[in-house]
Asks: 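What follows is a single structure, and I will ask about it in a moment.
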Amino acid sequence: MNSKTASDSAATAADDPDWLVDDPHTASEAADLAQAAAPWRVLIVDDDVDVHVVTKFALSQASFQGRRLSFLHAYSGLEALAVLRSTPDVAVVLLDVIMESQDAGLQVARQIREELHNSAVRIILRTGQPGQALEHRIIVDYDINDFWCKTDLTTRKLFTTVISSLRTYASLREAQQQVAELAAALEHQGGRH
């Protein structure tokens with residue numbers, strides 16, 4: 001009886017000219033999965049090339065929610081802002097404080113929040129100058145999510161900080177998406193009355 005069922009299935013498949021064509025729903029689901037698996041974008045902003053190399057190496061095997069990390073690079077505050085303008089889905093910015101000026105990183109952080117209106121991206125300030133600035137004031141005044149002295153940021157601490165930041169970013173983006181969907185539904189509902 002099983003061999004008859006198998007031969008009936010084979011005959012049905014042979015009679016159907018589209019038996020090999022992907023179902024549109026399956027293709028759509030595959031596209032959704034591919035989008036979901038897109039890597040998390042991490043922007044490294046530092047005027048020291050070695051910091052880029054070491055950071056990328058330290059995080060090269062990291063993944064979160066089944067997604068790897070993709071690294072973008074900027075070597076000045078101006079480059080960082082250009083990258084952020086052209087790539088709005090950056091999840092984490094690892095931002096040096098002192099680059100082309102003593103407070104270049106702080107100015108970038110302020111512009112990310114005030115000019116680019118990006119409240120989701122997680123900003124992790126890094127400085128090579130311990131005691132260079134008061135952590136508490138900086139975190140509050142500049143809407144920074146974390147602040148580290150480069151010498152204290154071991155590979156394990158960097159990994160933990162980045163994964164924690166990605167978790168927060170993912171939650172914020174999900175909340176923003178839900179708010180946008182609710183606003184669209186309310187607008188659509190209001191248009192029908």
Side-chain angles (χ1 to χ4, degrees), residues 22-97 99 104-105 108-128 139 142-148 150 152-181 184:
D22 284 338
D23 178 31
H25 297 294
T26 306
S28 174
E29 289 169 6
D32 289 344
L33 286 174
Q35 178 62 27
W40 299 103
R41 295 184 193 270
V42 175
L43 174 59
I44 303 169
V45 185
D46 202 296
D47 57 355
D48 184 346
V49 174
D50 291 338
V51 171
H52 289 258
V53 172
V54 169
T55 302
K56 187 174 175 181
F57 179 76
L59 296 171
S60 62
Q61 298 303 310
S63 68
F64 175 65
Q65 294 180 343
R67 297 166 61 182
R68 307 281 303 181
L69 306 185
S70 170
F71 300 94
L72 303 169
H73 301 274
Y75 299 89
S76 69
L78 290 175
E79 283 183 32
L81 291 168
V83 169
L84 287 161
R85 282 187 186 98
S86 66
T87 316
D89 65 340
V90 171
V92 177
V93 177
L94 298 168
L95 181 59
D96 187 19
V97 175
M99 290 177 289
V108 169
R110 178 164 282 159
Q111 289 177 292
I112 289 170
R113 302 298 192 215
E114 294 177 4
E115 292 178 23
L116 301 181
H117 304 290
N118 189 336
S119 61
V121 67
R122 305 293 79 198
I123 301 173
I124 301 168
L125 267 186
R126 301 192 294 181
T127 183
I139 290 171
Y142 290 88
D143 195 8
I144 302 300
N145 304 107
D146 214 338
F147 185 94
W148 285 93
K150 290 177 190 176
D152 295 336
L153 198 54
T154 63
T155 299
R156 184 175 51 94
K157 288 178 183 175
L158 178 61
F159 174 84
T160 302
T161 300
V162 168
I163 296 301
S164 173
S165 296
L166 289 174
R167 183 173 288 117
T168 303
Y169 175 82
S171 297
L172 284 170
R173 294 297 291 174
E174 185 177 326
Q176 289 173 340
Q177 179 71 25
Q178 289 171 350
V179 167
E181 289 170 4

Asks: Locate the shortest heavy-atom distance separating Ala74 from Glu79; write the atom from each residue and the value.
Replies: CA-OE1, 3.6 Å
Asks: Is Arg68 reaching over with its side chain to a backbone N or O of Ser60, donor-acceptor style, under 3.5 angstrom?
Replies: yes
Asks: I need the minimum non-hydrogen distance between Val121 and Val92, along with the two atoms involved.
Replies: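 Residues Val121 and Val92, closest heavy atoms: CG2-N, 4.0 Å.
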Asks: Of all the heavy-atom pairs spanning Ala58 and Leu158, show the shortest one and how long it is.
Replies: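 Looking at all heavy atoms of both residues, the closest pair is CB-CD2, 4.0 Å.
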Asks: Over all heavy atoms of both residues, which pair between Glu114 and His117 is shortest? Give the atoms and the distance, please.
Replies: O-CE1, 2.9 Å
Asks: Measuring only between side-chain heavy atoms, which start at C-beta, is Leu94 closer than 4.5 Å to Thr55?
Replies: yes
Asks: Would a distance-only check, ignoring hydrogens and angles, find a side-chain to backbone donor-acceptor pair under 3.5 Å from Trp40 to Phe64?
Replies: yes
Asks: Okay, side chain of Arg67, backbone of Ala38: is any donor-acceptor separation there less than 3.5 Å?
Replies: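 Flag set: sc Arg67 to bb Ala38 pair under 3.5 Å.
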Asks: Any chance you could measure Arg167, atom CZ, to Leu172, atom CG, to the nearest 0.5 Å?
Replies: 13.0 Å
Asks: First locate atom CZ of Arg122, then atom CD1 of Ile144, and finally report the distance between them rounded to the nearest 0.5 Å.
Replies: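 One finds 10.0 Å between CZ of Arg122 and CD1 of Ile144.
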Asks: For Val51 and Asp96, run side chain to side chain contact (heavy atoms under 4.5 Å, CB included): C-alpha distance rounded to whole Å, both residues' side-chain angles, the deciding distance at 0.1 Å, then the answer.
Replies: CA-CA 10 Å; Val51 171; Asp96 187 19; over 6 Å; no
Asks: Check whether any side-chain N or O of Arg113 sits under 3.5 Å from a backbone N or O of Asp143 as a donor-acceptor pair, and report yes or no.
Replies: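 Confirmed, Arg113 side chain pairs with Asp143 backbone.
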Asks: Sort and list the pairs that fulfil ring pair (Phe, Tyr, Trp, His ring centres under 6.0 Å) and have at least one residue in residues 42-63, not counting sequence neighbours.
Replies: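 Ring pair (Phe, Tyr, Trp, His ring centres under 6.0 Å) check on residues 42-63 returns His52-His73, His52-Tyr75.
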Asks: Side chain of Arg126, backbone of Val97: donor and acceptor closer than 3.5 Å?
Replies: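 Flag not set: sc Arg126 to bb Val97 has no pair under 3.5 Å.
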Asks: If the condition is ring-ring contact (aromatic ring centres under 6.0 Å, His included), which residues does Tyr142 pass it with, not counting sequence neighbours?
Replies: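 Per chain and number, Tyr142 pairs via ring-ring contact (aromatic ring centres under 6.0 Å, His included) with no residue.
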Asks: Closest approach of Leu166 and Ala91, non-hydrogen atoms and distance?
Replies: CD2-CB, 3.6 Å
Asks: With a 4.5 Å limit on heavy-atom distance, are the side chains of Asn118 and Val90 in contact?
Replies: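 No; the side chains remain at least 4.5 Å from each other.
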Asks: Between the side chain of Arg41 and the main-chain N/O of Pro39, is any donor-acceptor distance below 3.5 Å?
Replies: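 Checking the backbone N and O of Pro39 against the side chain of Arg41, no donor-acceptor pair under 3.5 Å is found.
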Asks: Report the residues that fulfil salt bridge (Lys or Arg N to Asp or Glu O under 4.0 Å) with Glu115, sequence neighbours left out, ordered by chain and then residue number.
Replies: none
Asks: To the nearest 0.5 Å, tell me how far Leu84 CG sits from Ile112 CD1.
Replies: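 Atom-to-atom, Leu84:CG and Ile112:CD1 are 5.0 Å apart.
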Asks: Scan the side chains in residues 173-180 for donor-acceptor partners under 3.5 Å anywhere in the protein, sequence neighbours excluded, and list what turns up.
Replies:
unit_1	atom_1	unit_2	atom_2	d
Arg173	NH1	Gln176	OE1	3.2
Gln177	NE2	Glu181	OE2	3.0

Asks: Would you say Ser86's side chain and Ala82's backbone share a donor-acceptor pair under 3.5 angstrom?
Replies: yes
Asks: Grab the two heavy atoms, one from Ser165 and one from Ile124, that are nearest each other, plus how far apart they are.
Replies: OG-CD1, 3.5 Å
Asks: Just so I know, are the side chains of Val108 and Leu95 near enough to count as touching, which here means a heavy-atom distance under 4.5 Å?
Replies: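 Yes, their side chains come closer than 4.5 Å.
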Asks: How many angstroms lie between CZ in Arg156 and OG1 in Thr161, if you round to the nearest 0.5 Å?
Replies: 10.0 Å
Asks: Check residues 42-49 and write down every donor-acceptor pair under 3.5 Å in which the side-chain atom is one partner and the other belongs to a residue at least two apart or another chain.
Replies:
unit_1	atom_1	unit_2	atom_2	d
Asp46	OD1	Asp48	N	2.9
Asp46	OD2	Lys150	NZ	2.7
Asp48	OD1	Asp50	N	2.9

Asks: Not counting sequence neighbours, which residues clear ring-ring contact (aromatic ring centres under 6.0 Å, His included) with Tyr169? List them please.
Replies: none
